[in-house]
Novice: 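Handing you this structure, nothing more for now.
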Number of protein chains: 2
Amino acid sequence: MRLRRERVVDVAIALLDADGLDALTMRKLAARLGVQPGALYWHFAGKQALLDAMADRFLEDFTADWPAGSWDEQFAAASWRLRQVLLSHRDGARVMAGTYVAEPNTVLLGNRAIEILQAAGLPPDRAGWAAFAAFHFVLGHTIEEQAQLELAGRGAWEPKLTVDGIENKLAATAFTADPAERFGYGLQLFLDGIRQQLAR
Amino acid sequence: MRLRRERVVDVAIALLDADGLDALTMRKLAARLGVQPGALYWHFAGKQALLDAMADRFLEDFTADWPAGSWDEQFAAASWRLRQVLLSHRDGARVMAGTYVAEPNTVLLGNRAIEILQAAGLPPDRAGWAAFAAFHFVLGHTIEEQAQLELAGRGAWEPKLTVDGIENKLAATAFTADPAERFGYGLQLFLDGIRQQLAR
DNA sequence: ACCTGAACACCGTTCAAGT
DNA sequence: ACCTGAACACCGTTCAAGT
């Protein structure tokens, strides 16, 4: 069968969803594929290359059905959707954060984001920087959101609201509120900032 | 000597700066301390606890000499300084990104950021969410900045400006421009967003 | 072209026992 | 209180050799 490379990514993602990123090893993956560990290195240069392929798979068909509307509606919808895609795979955000933007679907998404912002009126380079900043926010937020999910799922979960006798305000606001509400607020902050830039 | 725990962190950071995060292993650290690997587990519950302590050390004296000025000047200055601190240690941003906000200096910094934004006029919870969003931006930006430094230092560095025949616009804008300029732009976007919120 | 067998050079962590 | 000795249960990666 000539569909090996794709199947490796399929099973790797299944393993990720089941056991998490820390438990995703080349050896376990090989075992599940009924193959020797070394065989994987014919298909992928190394573990990171496999992770890159997995992250890119997350974004499959992402740009295919793109949201309609004004530039800020499109940008907001895409951001919400990216968060959703990352949340739909265990440790999804952490996987994506470790990759470099060089795989096809990732490039397509980045280009699309830049085009939206350019069409809105931002200069090309600023559009790129803004897209990057937004990407960092979504990743950072979702990594932390999933980290909380892991901790909650693994039992022991006390937010540590005071440390060394001083109040942990960041923890208090972050762990109490609804993650989606927090995400929406950060996104709004970002969009307001771009609008302000456009007004200049 | 009763200063063991602190010395472990000292040497761990020295090892990080010299060889990078991937080469920082408990066994190498133990060897450099002239001790058996197992000995480290008397001082730290595990490797992550050591990493947490290292990240918190990065922020030592951070809140001690806090910038003066209006709320946005203070916030901007603190952001620039955080980036600088992370850049001053190899893989510094990646180390900090892996930790949870529960160590003393990290908590102090988070609280300070929230207080600034609250004094500016943001409600307590919004101040926390905004501080988190800013933190995510700084970390995300600096991780990627250091990833580029690693790649550049390790030789092979061609930005891959096209992939599968399509242009990689994100890479083009991100790898061409001055990182500090990009950082400043993202920060401005963020501050503009907060000002917009305050105006409502 | 694709995989096996078998090795190399490591890891983090635990824990009885020592001092 | 702090560390040793020694083990346990793994890792990612390479590469000749097979088919």
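Naming: A, B, ... by sequence-line order, numbering from 1 per chain.
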Novice: Quick one: A:R4 CZ to C:dT4 C1', roughly how many Å, whole number?
Specialist: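 Whole-Å distance recorded here is 13 Å.
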Novice: When you measure from the side chain of A:Q146 to the backbone of A:A93, do you find a donor-acceptor pair of N or O atoms at a distance under 3.5 Å?
Specialist: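 Confirmed, A:Q146 side chain pairs with A:A93 backbone.
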Novice: Could you say whether A:R27 or A:Q36 is positioned toward the 5' end of DNA chain C, judged by the nucleotide with the nearest heavy atom to each?
Specialist: A:Q36
Novice: Any side-chain N or O of A:R5 under 4.0 Å from OP1/OP2 of C:dC2?
Specialist: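 For C:dC2, OP1/OP2 do not have a side-chain N/O of A:R5 under 4.0 Å.
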Novice: Side chains of B:D56 and B:T106: is there a donor and an acceptor less than 3.5 Å apart?
Specialist: yes
Novice: What does C:dC11 pair with, Watson-Crick or G-U, if both distances are under 3.5 Å?
Specialist: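 Partner of C:dC11: none.
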Novice: Can you measure A:H43 atom NE2 to C:dC2 atom P for me and round it to whole angstrom units?
Specialist: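 Answer to the nearest Å: 7 Å.
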Novice: Just how far, in rounded Å, is P of D:dT14 from CG of A:L40?
Specialist: 13 Å
Novice: Just compare D:dT13, C:dG12, C:dT13 and give me whichever is closest to any side-chain atom of B:T25.
Specialist: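 Among the listed nucleotides, the one closest to the side chain of B:T25 is C:dG12.
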Novice: In whole angstrom, what separates A:L33's CG from C:dC2's P?
Specialist: 15 Å
Novice: To the nearest angstrom, how far is A:D22 atom CG from C:dC11 atom P?
Specialist: 18 Å
Novice: Report yes if a side-chain nitrogen or oxygen of B:K47 is closer than 4.0 Å to either non-bridging phosphate oxygen (OP1 or OP2) of C:dC11; otherwise report no.
Specialist: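 No, B:K47 has no side-chain N/O under 4.0 Å of OP1/OP2 on C:dC11.
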Novice: Nearest to the side chain of B:W42 - D:dG12, D:dC3, C:dT13?
Specialist: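 The answer is D:dC3, which lies nearest to the side chain.
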Novice: Is any side-chain nitrogen or oxygen of A:Y41 closer than 4.0 Å to OP1 or OP2 of D:dT14?
Specialist: no
Novice: Side chains of A:Q196 and A:D192: any donor to acceptor distance under 3.5 Å?
Specialist: no
Novice: Which base sits across from D:dT19 as a Watson-Crick or G-U pair, both distances under 3.5 Å?
Specialist: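 D:dT19 is paired with C:dA1.
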Novice: Taking atom C1' in both D:dA9 and C:dC10, what distance in whole Å separates the two?
Specialist: 14 Å
Novice: Name the closest nucleotide to the A:A39 side chain, picking from D:dC3, D:dT14, C:dT4.
Specialist: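 Closest nucleotide to the A:A39 side chain: C:dT4.
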Novice: Might you point out which heavy atoms bring B:M54 and B:L24 nearest each other, and give the distance in Å?
Specialist: CE-CD2, 3.7 Å
Novice: Report yes if a side-chain nitrogen or oxygen of A:K28 is closer than 4.0 Å to either non-bridging phosphate oxygen (OP1 or OP2) of D:dC10; otherwise report no.
Specialist: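 It does not, given that no N or O in the side chain of A:K28 lies less than 4.0 Å from OP1 or OP2 of D:dC10.
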Novice: Could you check how far CZ of B:F44 sits from C1' of D:dC2, rounded to whole Å?
Specialist: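 One finds 14 Å between C1' of D:dC2 and CZ of B:F44, rounded.
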Novice: Indicate, with a heavy-atom threshold strictly under 4.0 Å, whether A:G46 touches base, sugar-phosphate, or nothing.
Specialist: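 The answer is sugar-phosphate, as A:G46 gets under 4.0 Å only of primed atoms, P, OP1 or OP2.
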Novice: Does a side chain donor of either A:N111 or A:E115 reach within less than 3.5 Å of an acceptor in the other side chain?
Specialist: no
